[in-house]
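To start, the structure under review is shown below, and the notes come after it.
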Amino acid sequence: MTIFPTVPEYIPAQASTDIGRVPAFDGEANRFLLLDGALAERSGREAGQQWFDLALRQQPGRVPIYRSESSRQYGISRAILGEKLPSGYAVAELERSVRETASFCPAVREIQDFSATRRGRTCQVSFTAVLYTEETVEVSVDV
């Protein structure tokens, strides 16, 4: 007998028409935004944009709360960018990582128009995320 709950290894994904409310986070300054002393909030497309901004910064397995026993991993592996591999292979792996990470957000229906442009040791990744509300979120981030 244990006092801790058993965490299942597989949690089924659930679609959602709403991403909900999230505290507003400024990625440039790495801080939460305050409005009259209280946390500012984002919802809808803005919340989706912020979700991608934060999710694509994560590297698989580095932050304990995002670790998963399944083959699907949350975050983008940057290791492939440092290796001398054909650029087509690197772009395909980045796209796979982005799609896999997007699958963790219940409001995202699909990823469209994926493109990646290498810039030395980094890569500019751009795509359109289509939400279940039929809204779109344009994402462009350096990884």
Side-chain angles (χ1 to χ4, degrees), residues 4-143:
F4 298 107
T6 303
V7 178
E9 291 199 16
Y10 175 75
I11 299 173
Q14 297 178 6
S16 175
T17 58
D18 187 17
I19 199 166
R21 303 177 327 184
V22 296
F25 186 78
D26 181 355
E28 299 293 320
N30 277 338
R31 64 181 177 89
F32 288 98
L33 300 177
L34 299 176
L35 181 63
D36 296 329
L39 281 173
E41 292 182 348
R42 292 188 175 140
S43 60
R45 289 184 72 245
E46 287 181 326
Q49 180 70 47
Q50 179 175 297
W51 188 91
F52 277 108
D53 289 344
L54 295 173
L56 298 179
R57 289 179 180 203
Q58 302 302 318
Q59 293 188 36
R62 293 201 74 193
V63 179
I65 196 168
Y66 298 129
R67 288 188 187 142
S68 170
E69 296 297 322
S70 73
S71 61
R72 287 184 16 194
Q73 294 293 317
Y74 181 85
I76 305 298
S77 175
R78 286 149 182 82
I80 196 158
L81 296 175
E83 297 178 16
K84 295 184 191 260
L85 297 169
S87 62
Y89 177 76
V91 168
E93 276 300 301
L94 281 173
E95 182 174 2
R96 183 195 58 74
S97 291
V98 165
R99 290 181 186 280
E100 197 169 88
T101 298
S103 72
F104 284 91
C105 183
V108 175
R109 187 182 57 168
E110 68 177 315
I111 300 296
Q112 297 177 343
D113 305 325
F114 181 88
S115 69
T117 307
R118 280 198 81 159
R119 295 181 180 167
R121 302 185 92 181
T122 64
C123 192
Q124 174 78 31
V125 173
S126 302
F127 59 90
T128 302
V130 180
L131 306 179
Y132 280 98
T133 60
E134 299 303 322
E135 293 178 291
T136 59
V137 177
E138 301 297 324
V139 179
S140 182
V141 69
D142 288 325
V143 294

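In this chain, residues are counted from 1 in sequence order. Fair warning: this is a prediction, and the values are worked out from it, not measured in the lab.
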*Report the C-alpha separation of V98 and F114 in whole Å, then their side-chain angles, then the decisive distance to 0.1 Å, and conclude whether the side-chain contact (heavy atoms from CB on, under 4.5 Å) test is met.*
CA-CA 9 Å; V98 165; F114 181 88; 3.8 Å; yes
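Two residues are said to be in side-chain contact when any heavy atoms from C-beta on lie closer than 4.5 Å; W51 and T101 meet this criterion. In this structure, the side chains of L131 and V108 come closer than 4.5 Å at one or more pairs of heavy atoms. Using a 4.5 Å heavy-atom threshold, the side chains of L33 and R42 count as touching. Annotation: side chain of V137 is not in contact with side chain of T128 (no heavy-atom distance under 4.5 Å).
From D142, atom CG reaches atom OG1 of T117 across 10.0 Å, with rounding to the nearest 0.5 Å. Here R109 contributes atom CZ and T133 contributes atom OG1; the two are 9.0 Å apart, rounded to the nearest 0.5 Å. Taking CG from L94 and OH from Y89, the interatomic distance works out to 10.5 Å, rounded to the nearest 0.5 Å.
Summarising the geometry of E135 relative to R45, their closest heavy-atom pair is OE2-CG, 3.2 Å, with the distance given to 0.1 Å.
At least one donor-acceptor pair under 3.5 Å links the side chain of Q50 to the backbone N or O of F25. S103 places a side-chain N or O within 3.5 Å of a backbone atom of E100 that can act as its donor or acceptor partner.
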